[in-house]
Amino acid sequence: MSKKTVLLLLAPSVLILLGFFVLPLIVVLNNSIMDETGSITFHHYLQYFKDSHYLSITWKSIKISLLATFITLLIGYFIAYFTTRYIKSKKLKRVAYIVIISPLFTSAVVRSFGWMVILGNNGFINNTLLALGIISEPIKLLYTETGIIIGLVYILAPFMILSITTVLENIDSRLEEAASDLGLGPFQTFLKVTLPLTVPGILAGSVMVFSLAISAYVTPAMLSGGKVQLIATVIYEQMMQVFNYQFGSAVAFAVLIFSFLIIGLNHYLLRSDWVEEGRR
Amino acid sequence: MSVVQSIEENILKETDDKSCIIEFNGVTKKYGQATAVDNISLSIREGEFISLLGPSGCGKTTTLRMIGGFELPSQGSIKIDDKEAGNLPPNHRPVNTVFQNYALFPHLSIYENIAFGLKQKKIPKSQIKSETDEMIEVMGLQQHREKYPRQLSGGQQQRVALARALVNKPRVLLLDEPLGALDLKLRKKMQFELKKLHEQFEITFIYVTHDQEEALIMSDRIAVMNQGRIEQIDTPQQIYSNPNTLFVADFIGETNLIDVDSLQGLNKDILLKEFPQLINSEKKLVIRPEHFKITTKNRVQQNGICLEAKIKNVHFVGSKKLVVLESESQEMVVNISDEEHIGHLSEDVSLSVKKDLVRIL
C-alpha cells in the first residue's frame, strides 16, 4: 500500500479525533488565556495559583482522589485476587465479572443517590449501628469528605478490579509453583512473585481511578451536598453559575496538565527493565 | 551380547545396594471421575537417572507433580527419604523442579532468578553470592548475569532453570519435559549436558518425557507408563530387547507387530509351525525392524524363520535404509544399512529372522 492510500484511509479517524477531542480542548485553552478585550493573558492562571482558597481546594481534591485510589486499590486487589484464584467454576466466574461491572450499567446519579440513602443520618449504616448499640447518635457520613471517598471508591472500583484481574489471569500459575518449589510459603510467594508481576495492572488501574476521581463531578456534588468544595465543583460553579468562562477554563486546564503529569509518571514507572524487555 | 548382559547385571547389582529415596505405595490420583494415576507402586533409588516415559495423558507428569508436591495423591502413600510426604507442601520437600516452560521469574534478573531459592534459606549473603556465582559459571551464563529471562534464547533459559533448581542442592531433581521446546540439535546437546550434570551433582534425576529416544539415551532406568499405570520398569537395554507388554514393545522403538491369525497362506503355516501356541490366540509376534534380513527368494537361512514378502517402498533416512515390505496384506518395516543391496521395487524376496529374536506378547 502506498503512503498516500494509508494517509487517505487514516484521514476519517484523524478528523474525528481532531474535531471531537482536540478542538474542544483548544477552545478551553483559548478561553483560559484570553482576557475580556481578546488579548493574551496569564491572569487567570495566576489568580488560581495565588489564591490560597483555591489551592486548598486543589490540595483537598488531590488528597481525596489519592485516598480513594488507595482504598480502591486495596479493595480492588482483594476482589480481583479472589475472583481469579478462588472462584474455580467458569460459570461462577462469569457471574462474578457481571456483578463487578454491573454498577457501570447505571448512571452515576442513580448510584450516588443510592449512597445518599445508605450514608444518611437515617440511612442504612447509621440505623444498623444504632440498632446494634455500637453508637449512641448517628455518625455524620453524608455531606463529608468520608462520604465522598466512599462514593468514589464504589463507583471507580470496577476500573481497578478489571485492570488487575486482566493481569492476574495472565500470570502463569507455574511461576507460583516454582516459588513454592524453591522454598517459599504462600504469603512469601505472593509478596515476591504475584505482587510484583501485577504491578503493571496496579499502575494502570491506579492512573485510571485517580484521573477519574479528580475529575469526578456528579458523585462529589451529590454526596457533598455543596458542603465540601472540590476542584470539579469549582470548575462547574465558575462555568455554569458565575459564568466566568476564562477562570473556569484556566482551572480546568490546570487539572488537565496535572493529570498528564500523573499519566507521565505512570509511564515512567512502567518502563522498568523487565516490562520493557517483554515487549520486544 | 553376553558381555553387555553381564555389565548390565553389574549395574543392577550396584544400584540395588543403594538406598531408595522415593517410594510410591499404591498411589492413585483422580480428578473428579477421571483417573490420572492408577494405583502405582514404584521405588526410586538414590542417585539414579530414572525416566517416566509414556504418551501424553499417561499420568507421567501427574506422577512427577505428586513428588514435587503440586498435586496431592487421592490414595496411597509417597515417601521421600523414608518420611511420609504425601501431603507436604512443595516448600517443605527436599526436591526441586525444572518446569516444562522453565517458569523463570520474568521480573527478576538471571542472577536473582538463580539466587531465589538460596535467599529463602537463612544463610549469609556472601555465601548466597558465591554459590550463585559458582552455579552461573558451571552453566556458562556469566555474560547473561544481569539480563532478564526474556532476553535469553530457549537453550539459555533452560540452563537458568537448571541452575535455579540445582543451586539449592536438592536430593532429587524433577525434570518435566525440559527439552520439549528446543530444536533437535540443541536437544541432543542438552541431553549430554544433562547426563554430565547428573554425574557431576550425584543426585537423583527424575525425568519426564514422551520421547523414547531421549529416555533410552539418558536413563539408568525407564518406567514406561500407559493409562495411569506403569507397564514396565527396567534398564533401557532390557526395555528395548525384552519388553513385557505389547504396549512397551510398540511404544519403544519401531516394531513389527504380526497378528498371525489374520494372515492367510504360506506365511501363516510357516509361523504356526514355529509357534504352535499362537493358534487361536490373541497374542502377536513382535519383531524389531533391524532383526529381519532380506534375501533373494528361496535362499533360506539356517535356523531362521523365512517369510515371503514383496518390496513396496524404500526410504533413505541418513545412516540407514528403511524398507517397507508387504507380506500377505501385513505391512512390515525392515532396517538395513546404507551399503546393503536389496532388490527392486515390487520384487519378491525372503524375509528371515532368527527364532530367538522373535517375541510373543
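Only a predicted model underlies this, so the values are computations on that prediction, with no experimental measurement involved.
Distance check, rounded to the nearest 0.5 Å: CD of A:Glu177 to CZ of B:Phe70 gives 5.0 Å. Going from atom NE2 of B:His107 over to atom CG of A:Leu175 covers 8.5 Å, rounded to the nearest 0.5 Å. With values rounded to the nearest 0.5 angstrom, B:Glu112 atom CD is found 10.5 Å from A:Lys192 atom NZ. In this structure, A:Leu184 CG and B:Asn91 CG are separated by 7.5 Å, a value rounded to the nearest 0.5 Å.
Considering all non-hydrogen atoms of both residues, A:Val193 and B:Phe116 come closest at CG2-CZ, 3.8 Å. For the pair A:Leu182 and B:Gln120, the tightest heavy-atom approach, listed with the atom from each and the gap, is O-CB, 4.1 Å. Closest heavy-atom contact between A:Leu197 and B:Pro106: CD2-CG, 3.5 Å.
Enclosure of atom CZ in A:Arg94 is not indicated, since only 12 or fewer non-hydrogen atoms of other residues, nucleotides or ligands lie within 6.0 angstrom. Within 6.0 Å of the CD atom in B:Gln143, the count of heavy atoms belonging to other residues, nucleotides or ligands exceeds 12. Remark: B:Tyr31 OH is packed, more than 12 non-hydrogen atoms of other residues, nucleotides or ligands lying under 6.0 Å away. Other residues, nucleotides and ligands contribute more than 12 heavy atoms inside 6.0 Å of the NZ atom of A:Lys60. In the displayed structure, A:Tyr217 atom OH is contacted under 6.0 Å by more than 12 heavy atoms of other residues, nucleotides or ligands. Within 6.0 Å of CG on B:Asp82 lie no more than 12 heavy atoms contributed by other residues, nucleotides or ligands. Open room surrounds NZ on B:Lys30; 12 or fewer heavy atoms of other groups in view lie less than 6.0 Å from it. No more than 12 heavy atoms of other residues, nucleotides or ligands shown are found within 6.0 angstrom of CD on B:Glu134.
Of the listed residues (A:Ala179, A:Ser180, A:Gly183), the greatest number of heavy-atom pairs within a distance under 4.5 Å of chain B belongs to A:Ser180.
Proximity to chain A is limited to the backbone of B:Leu104, based on heavy atoms less than 4.5 angstrom apart. Only the side chain of B:Asn168 comes within less than 4.5 Å of a heavy atom of chain A; its backbone N, CA, C and O stay farther away. For chain A, the nearby part of B:Arg65 is the side chain; its heavy atoms alone come within less than 4.5 Å. There is no contact between A:Glu176 and chain B, counting heavy-atom distances below 4.5 Å.
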